[in-house]
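A short worksheet on the structure shown next.
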Amino acid sequence: MKIAVLAGDGIGPEIVEQALRVLKVLRDEGLAMEFIEAPLGGQAYDAYGSPYPEFTQKICHEADAVLLGAVGGPQYDQLDRPLRPERGLLAIRKDLGLFANLRPAVLFPELANASTLKPEVVAGLDIMIVRELTGDVYFGQPRGMRVNDKGEREGFNTMIYSESEVRRIAHVAFGIAMKRGKKLCSVDKANVLETTEFWKEIVIDVGREYPEVELSHMYVDNAAMQLIRNPKQFDVIVTGNIFGDILSDEASMLTGSIGMLASASLNETKKGLYEPSHGSAPDIAGKNLANPLATIMSAAMMLRYSFGLEAAAGRIENAVKKVLASGYRTADIYEPGTKKLTCSEMGDQVVAAM
Ligand code: IPM
Ligand code: MG
């Protein structure tokens, strides 16, 4: 297994280091894994003048899977847009064709009090958000800023989905629903936006091939509200790129902290990019304070989705559960009565629990 490791910016290197320690436990037991490091985002801009340089592209194309930390930082905000770290992330997603982004929002029972919502609202929560990742207003052309006919400056983007793009993400979502609770909610804004009215039409059509799955539809504003009101009504959610971006951040807080949310981004083959759903957290970077669990659980997703190693993935997830059950917490999920750990200490505990 060739794994490209892109630590990235901010807390990226700290959290990736802990995930690698956990994977190396399995490697030392005989699982053949090779790790190849390459830069992405601001780190890559500093070294190569591009947020997704050819050097990194080559390594990612040759790898079987990619493990990513996070990208971005305030020192890069003034760069020309194409050079900014976030563009590196968008470029790698597009380049590797990673159209299916899986973001599980699972609440560990031990963290029911860490959520800002009442424990009874979130206890037992287990949602899978399937976000389309290479289309929508994120990539639609034309886009830009210009001076219009009246001499006024304006900004514009294009929300667009082709039929094949909607079909393939719908198939992924129905496939996942089949393996879970057989309930799929497609989120749109079909009352206003043609792009998503079209989305809904195609999802319904694909649904005919999955008669066992109970398909429902919800407007995105209502979905945002329902996620807070009664999140346990959801099993699998499928939605476009921009709505998925927003709803997955929202869903992460149901689980107590965005530091707990792993993610997998998959293409048509089994190649995937695995990264925590959170960002680079420049405010705590380099302080050994970050929560590495989302990255560690992203590594578990990598074993499951790219390599079919269900048992190994489960072992990592169980180790995380055990550590939480033992009362260990990083600062973001700390509550009185638990033991507060640094990022690397949390890594120590997961390694020990393995
Ligand atoms: C995410 C992030 C990215 C996105 C940013 C960093 C470009 O918010 O992965 O959710 O908008 O997709
Ligand atoms: Mg986001």
Side-chain angles (χ1 to χ4, degrees), residues 6-12 15-16 19 39-45 50-52 56 60 66-77 79-105 127-140 143 155 157-159 161 165 169 187 220 223-224 227 237-255 257-267 272-283 285 290-291 294-295 297-298 301-302 332:
L6 317 180
D9 309 318
I11 58 170
I15 53 180
V16 163
L40 184 79
Q43 178 202 34
Y45 171 77
S50 154
Y52 183 43
T56 302
C60 291
V66 181
L67 182 67
L68 170 66
V71 299
Q75 68 270 46
Y76 304 109
D77 285 351
L79 289 176
D80 280 351
R81 229 166 298 117
L83 298 176
R84 289 188 200 157
E86 293 76 11
R87 286 299 176 100
L89 186 55
L90 298 177
I92 191 174
R93 288 173 180 170
K94 196 71 173 176
D95 183 36
L96 300 179
L98 308 169
F99 69 94
N101 183 212
L102 317 186
R103 296 190 163 179
I127 302 176
M128 178 66 92
I129 298 185
V130 180
R131 167 189 177 194
E132 200 291 328
L133 203 59
T134 52
D136 202 352
V137 70
Y138 267 58
F139 293 94
R143 65 189 293 162
N157 290 88
T158 303
M159 182 179 250
Y161 266 119
E165 285 176 319
I169 192 72
V187 171
V220 64
L227 269 174
I237 292 176
V238 64
T239 191
N241 205 343
I242 184 88
F243 297 162
D245 178 44
I246 298 165
L247 293 181
S248 61
D249 261 36
E250 188 188 3
S252 74
M253 275 323 284
L254 306 173
T255 71
S257 166
I258 194 163
M260 298 299 298
L261 208 67
S263 89
S265 305
L266 309 173
N267 68 11
L273 180 148
Y274 301 85
E275 58 172 326
S277 293
H278 59 71
S280 57
D283 52 323
N291 182 348
T295 317
M297 290 188 291
S298 298
M301 288 184 91
M302 176 175 81
D332 56 317

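Quick caveat: nothing in here was measured; it's all calculated off a predicted structure. Note that ligands are numbered from 1 as they come in the structure, with each ligand's atoms numbered from 1 the same way.
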Discussion item. As a test of understanding, state which of V187, D245, I169 forms a side-chain contact (heavy atoms from CB on, under 4.5 Å) with T239.
Written reply: V187
Worksheet item: Is any side-chain heavy atom of L227 closer than 4.5 Å to a side-chain heavy atom of L247?
Response: yes
Item to complete: Evaluate the side-chain proximity of F243 to D136: yes if any heavy-atom separation is below 4.5 Å, no if none is.
Response: no
Worksheet item: Between atom CD of E132 and atom OH of Y138, what is the distance when rounded to the nearest 0.5 Å?
Response: 11.0 Å
Practice prompt. Would you check if the side chain of R84 reaches a backbone N or O of L79 as a donor-acceptor pair within less than 3.5 Å?
Written response: yes
Worksheet item: Would a distance-only check, ignoring hydrogens and angles, find a side-chain to backbone donor-acceptor pair under 3.5 Å from S248 to G244?
Response: yes
Worksheet entry | Which residues share a salt bridge (Lys or Arg N to Asp or Glu O under 4.0 Å) with E275, sequence neighbours left out | R93
Discussion item. Under the rule for ring pair (Phe, Tyr, Trp, His ring centres under 6.0 Å), what residues qualify as partners of Y76, not counting sequence neighbours?
Written reply: none
Worksheet, complete the sentence: Counting only non-hydrogen atoms and a 4.0 Å cut-off, the residues near ligand 1 are E86, L89, R93, R103, R131, Y138, D245
Worksheet item: Counting N and O atoms only, with roles assigned by atom type, does the side chain of D9 sit under 3.5 Å from a partner on the main chain of G72, one being a donor and the other an acceptor?
Response: yes
Response to the item:
Result, protein N, O or S atoms below 2.8 Å from the Mg ion (ligand 2), excl. waters, equals 1
